[in-house]
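Starting from 1, each residue takes its place in the sequence as its number.
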Amino acid sequence: MHFVWNCSSFEIMSLYRNAIWFLNGIQQYTRKGYEVASKEFDPRDLDVSVVGRSFMITGANSGIGKATAVAIAKKGGTVHMVCRNKDKAEEAKEDIVTKSGNTEVYIHIVDMSQSRKVWEFAEAFKKQYPSLNGLINNAGCMVHKRELNAEGLEKNFATNTMGVYILTQTLIPLLQKSRDPRVITVSSGGMLVQKLEVDDLQSAKGYFDAVMVYAQNKRQQVVLTEQWAKANPVIHFSVMHPGWVDTPAVSTSMPQFHRMMEDRLRTVEQGADTVVWLALSRVASRTRSGQFFQDRKPVPTHLPLAWTHSSAEEIQRFMTQMENLSKAVQLQADADPAGPCRPQFV
């Protein structure tokens, strides 16, 4: 008996890339990987106070976002929680205040998949608050069927990429006039198996695989971070991989993976560690802006021998598309006879 392989060289390389990524993950992305890496952490890096500084965290009511909010509040920072569900946000806020003893915690109800509302919220926030020292783009989703939001954007792309783009781009002027401004985006090591698909940003072509769509969105976040860093030298931009973390989102969106890896998954505090380090430590602010981090260290954004690199022309096309989509969202809002929606500040 023999088998005939009808695989192209590209498909073989993709299989190889995925296998290398998973083997790396078992060693590095698990709880054990964190325990090994953390032996080199300097505890003095987070011996800081950020009283008087403000931080916005999307998806702050659970998982990595909530753990980040607790850590920042404990250091005295003002925390702006951007959440979709009011009841869950209020419950989380109460817990954050109790654990930190810091009452400077505020809730903003925004669904990051609703592009227009994200823009309206960011514009309103910019007018209401005099400064913002840190923006942490943590909220994300993995919708398993191709669905569109009110603006006609695919929901995973709308949440994971467009929401991050609109929120960050709109808040850049506020960040620029603040002290030691930083933007941290929570990405995923899954992006290592994806090349930026400039001709299919919203996964409209071919089979819709939610896991790969999510990975594509995370690659998009990495490229955005690199480009923002070049365009805005006053702000320190970074993107990071938290490892494989035991969060409600993972158990819901990837139940089989969660069951298989449950005993090896990181705690939310371990997953949030590098986010907090990037947001607060002086050491992090001295690293080169625009890098991809894992366990407090910059790491490559491509696997060895990977076919995931993009040309300068492809990246420029991607950035142009993002700008045009964002402008279209704003034009829709301006053209709405009902006027802008008023964001909820709690």
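- Other residues, nucleotides and ligands contribute only 12 or fewer heavy atoms inside 6.0 Å of the CZ atom of R282.
- Between R31 and L265 the shortest side-chain heavy-atom distance does not fall below 4.5 Å.
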Residues N102, E104; criterion side-chain hydrogen bond (donor to acceptor under 3.5 Å, both in side chains); working and verdict: CA-CA 6 Å; N102 183 350; E104 293 294 304; over 6 Å; no

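- Atoms CG and CG, on N61 and D95 in that order, are 11.5 Å from each other to the nearest 0.5 Å.
- Looking at R182 and S238, their side chains never come closer than 4.5 Å, going by heavy atoms from C-beta outward.
- Between M191 and V222 the shortest heavy-atom distance is SD-CG2, 3.8 Å.
- A single hydrophobic cluster is seen to contain both M322 and V183, as judged by linkage of ILVMFWY side chains at heavy-atom distances under 4.5 Å, directly or through other members.
- K327 and E323 are joined by a salt bridge, as a carboxylate oxygen and a charged side-chain nitrogen come within less than 4.0 angstrom of each other.
- Defined by atom type and a distance below 3.5 Å, a donor-acceptor pair is present between the side-chain atoms of T308 and H302.
- In summary, E123 and K126 engage in a salt bridge, as defined by a charged side-chain N under 4.0 Å from a carboxylate O.
- In this pair, Y29 and W244 present their aromatic rings perpendicular. The plane angle is above 60°, beyond the 30 to 60° band.
- Dense packing is recorded around CD of Q321, with more than 12 heavy atoms of other residues, nucleotides or ligands lying under 6.0 Å away.
- Salt bridge annotation for D295-K297: absent, with no cationic side-chain nitrogen under 4.0 angstrom from a carboxylate oxygen.
- Between the side chain of R146 and the main chain of S203, a donor-acceptor pair closer than 3.5 Å is present.
- Looking at R116 and E120, a side-chain N of the basic residue comes within less than 4.0 Å of a carboxylate O on the acidic one, giving a salt bridge.
- Between Y34 and F41, the angle of the ring planes goes over 60°, which puts this pair in the perpendicular group of the 30/60° scheme.
- Between the side chains of T161 and Q220, at least one donor-acceptor pair of N or O atoms lies under 3.5 Å.
- Side-chain atoms of W228 and Q169, non-hydrogen and from C-beta on, do get closer than 4.5 Å to each other.
- Under 3.5 Å, the side chains of Q216 and Q194 contain a donor-acceptor pair of N or O atoms.
- Remark: aromatic rings of F125 and H80 are close, center separation under 6.0 Å.
- Not one N or O on the side chain of S178 forms a donor-acceptor pair closer than 3.5 Å with the backbone of S131.
- Looking at every heavy atom in both residues, A69 comes nearest to I96 through CB-CD1, 3.7 Å.
- Judged by distance alone, the side chains of N137 and T185 do bring a donor and an acceptor atom under 3.5 Å apart.
- Considering every non-hydrogen atom in both A215 and G190, the closest pair reads CB-O, 3.4 Å.
- No hydrogens or angles considered: a donor-acceptor pair under 3.5 Å links the side chains of T320 and Q316.
- The two residues V239 and S187 have their closest heavy-atom pair at CG2-CB, 3.4 Å.
- Side chain to side chain, Q294 and Q28 meet the donor-acceptor criterion of an N or O pair below 3.5 Å.
- Heavy-atom minimum distance, M81 versus A60: CE-O, 3.6 Å.
- Between K195 and S310 the shortest side-chain heavy-atom distance falls below 4.5 Å.
- Looking at Q270 and T267, their side chains come closer than 4.5 Å, going by heavy atoms from C-beta outward.
- We find that R219 and E197 are not joined by a salt bridge, their nearest charged nitrogen and carboxylate oxygen being 4.0 Å or further apart.
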Test side chain to side chain contact (heavy atoms under 4.5 Å, CB included) applied to V283 and W277, step by step: CA-CA 8 Å; V283 177; W277 181 82; 3.8 Å; yes

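- Here the straight-line distance linking atom CG of L201 with atom CZ of R317 works out to 9.0 Å at 0.5 Å rounding.
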Worked check of side chain to side chain contact (heavy atoms under 4.5 Å, CB included) between K230 and Q227: CA-CA 5 Å; K230 292 177 183 177; Q227 298 308 303; 3.8 Å; yes

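- A pairwise comparison of heavy atoms in T168 and V164 identifies OG1-O, 2.8 Å as the closest pair.
- Checking side-chain atoms of T78 against main-chain N and O of S54 turns up no donor-acceptor pair under 3.5 Å.
- For the pair M56/L171, a side-chain contact is recorded, criterion being any heavy-atom separation below 4.5 Å from C-beta on.
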Checking salt bridge (charged side-chain N to carboxylate O under 4.0 Å, His left out) for the pair E151/K117: CA distance, chi angles, key distance, verdict? CA-CA 11 Å; E151 291 76 30; K117 291 185 178 178; over 6 Å; no

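- Atoms NZ and OG1, from K93 and T103 in turn, are 8.5 Å apart once rounded to the nearest 0.5 Å.
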Stepwise side chain to side chain contact (heavy atoms under 4.5 Å, CB included) check, L135 with I184: CA-CA 6 Å; L135 169 61; I184 300 102; over 6 Å; no

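- Of the possible donor and acceptor atoms, one in the side chain of N138 sits under 3.5 Å from a partner among the backbone N and O of G59.
- For the atom pair CG (N149) and OG (S115), the distance works out to 4.5 Å, reported to the nearest 0.5 Å.
- A continuous path of hydrophobic side-chain contacts links L175 to V82 [ILVMFWY only; heavy atoms under 4.5 Å].
- In terms of modelled atom types and a separation under 3.5 Å, the side chain of N232 and the main chain of V234 share no donor-acceptor contact.
- Hydrophobic clustering places V50 together with V97 (ILVMFWY residues linked when any side-chain heavy atoms are closer than 4.5 Å, directly or through intermediates).
- A distance of 4.5 Å separates CG of N160 from SG of C141, quoted to the nearest 0.5 Å.
- Listed for the R264 side chain is no donor-acceptor partner under 3.5 Å among the backbone atoms of T30.
- Proximity of L167 to T58: side-chain heavy atoms (C-beta onward) are separated by under 4.5 Å at one or more points.
- Contact check on K39 versus E35 returns no salt bridge, with no Lys/Arg side-chain nitrogen under 4.0 Å from an Asp/Glu carboxylate oxygen.
- Of the residues listed (D273, V276, L278), the one engaging R296 in a side chain to side chain contact (heavy atoms under 4.5 Å, CB included) is D273, and it is the only one.
- Ion pairing between a basic and an acidic side chain is recognised when a charged N comes within 4.0 Å of a carboxylate O; K66 and E269 show no such pairing.
- No single ILVMFWY cluster, assembled from side-chain heavy atoms under 4.5 Å apart, contains both V329 and L148.
- For Q176, the CD atom sits in a packed shell: over 12 heavy atoms of surrounding residues, nucleotides or ligands are nearer than 6.0 Å.
- Between T170 and W119 the shortest side-chain heavy-atom distance falls below 4.5 Å.
- Within the model, atoms NE2 of H241 and CZ of F292 stand 6.5 Å from one another, a figure rounded to the nearest 0.5 Å.
- Between the E147 side chain and the K155 main chain, no donor and acceptor come within less than 3.5 Å of each other.
- V213 and L224 are members of different hydrophobic clusters when ILVMFWY side chains are connected at heavy-atom separations under 4.5 Å.
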